[in-house]
Amino acid sequence: MDSGYWILLVFLLLGGFIAAAAIIVGKVLGFASKDGKSKFEAYECGMETFGNARVQFKVGYVVFALIFLVFDVEALFLFPIAVHWKSIVDGTLGIPVWVAALDLGIFFAVLVVALAYSWKKGWLKWE
């Protein structure tokens with residue numbers, strides 16, 4: 001174990017021990033609820049539930065959030081190539097510059113097409 005993987009093993013064992021200890025302490029020190037009815041309520045806050053939980057809402061909010069998530073993750077994918085761009089240009093990574101530029105061009109093209117499609121469909125309107 002000279003390679004340093006022993007540190008990973010120690011952290012895994014320590015994390016497992018802490019998780020198991022938290023569960024065991026909760027079981028030992030906690031108390032069992034005698035009221036079985038309140039366990040099946042939406043929230044155990046003392047208020048009686050009322051109405052139907054199946055409320056309709058506009059799907060546009062979900063679509064807007066998903067579009068934001070997609071563009072956010074795509075921006076995250078740009079981070080590694082932006083960090084290593086100088087090494088790519090210098091040739092120290094062994095990736096030709098034209099390959100990286102082509103990859104970036106395709107990536108941005110997909111981004112622009114997705115944005116144009118979303119805009120055309122009207123998904124970016126906040127109403």
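Computed over heavy atoms, backbone and side chain alike; hydrogens, waters and symmetry mates excluded.
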Spacing of Ile88 atom CD1 and Trp98 atom CH2 [to the nearest 0.5 Å]: 13.5 Å

Joint cluster assignment, Ile106 & Val112, ILVMFWY side-chain distance < 4.5 Å: no

Intermediate values then yes/no, side-chain contact (heavy atoms from CB on, under 4.5 Å), Val73 and Phe77: CA-CA 6 Å; Val73 169; Phe77 284 144; 3.7 Å; yes

side-chain contact (heavy atoms from CB on, under 4.5 Å) between Val83 and Phe79, worked out: CA-CA 6 Å; Val83 168; Phe79 186 72; 3.6 Å; yes

Phe107 atom CZ, over 12 foreign heavy atoms within 6.0 Å: yes

Phe11 and Ile7: CA distance, side-chain angles, deciding distance, side-chain contact (heavy atoms from CB on, under 4.5 Å) verdict: CA-CA 6 Å; Phe11 274 107; Ile7 295 173; 3.6 Å; yes

ILVMFWY cluster, Leu115 and Phe108 together (side-chain gap under 4.5 Å): yes

Side chain Ser87, main chain Thr92, donor-acceptor under 3.5 Å: no

side-chain contact (heavy atoms from CB on, under 4.5 Å) between Leu78 and Leu104, worked out: CA-CA 8 Å; Leu78 282 176; Leu104 274 176; 3.6 Å; yes

Residues clustered with Val25, ILVMFWY side-chain links under 4.5 angstrom: Ile24, Val28, Leu29

Distance in Å, Trp85 CH2 paired with Ile95 CD1, rounded so as to fall on 0.5 Å steps: 10.0 Å

Reported CD1-to-CG distance for the pair Ile81 and Leu93, which is rounded to 0.5 angstrom: 9.5 Å

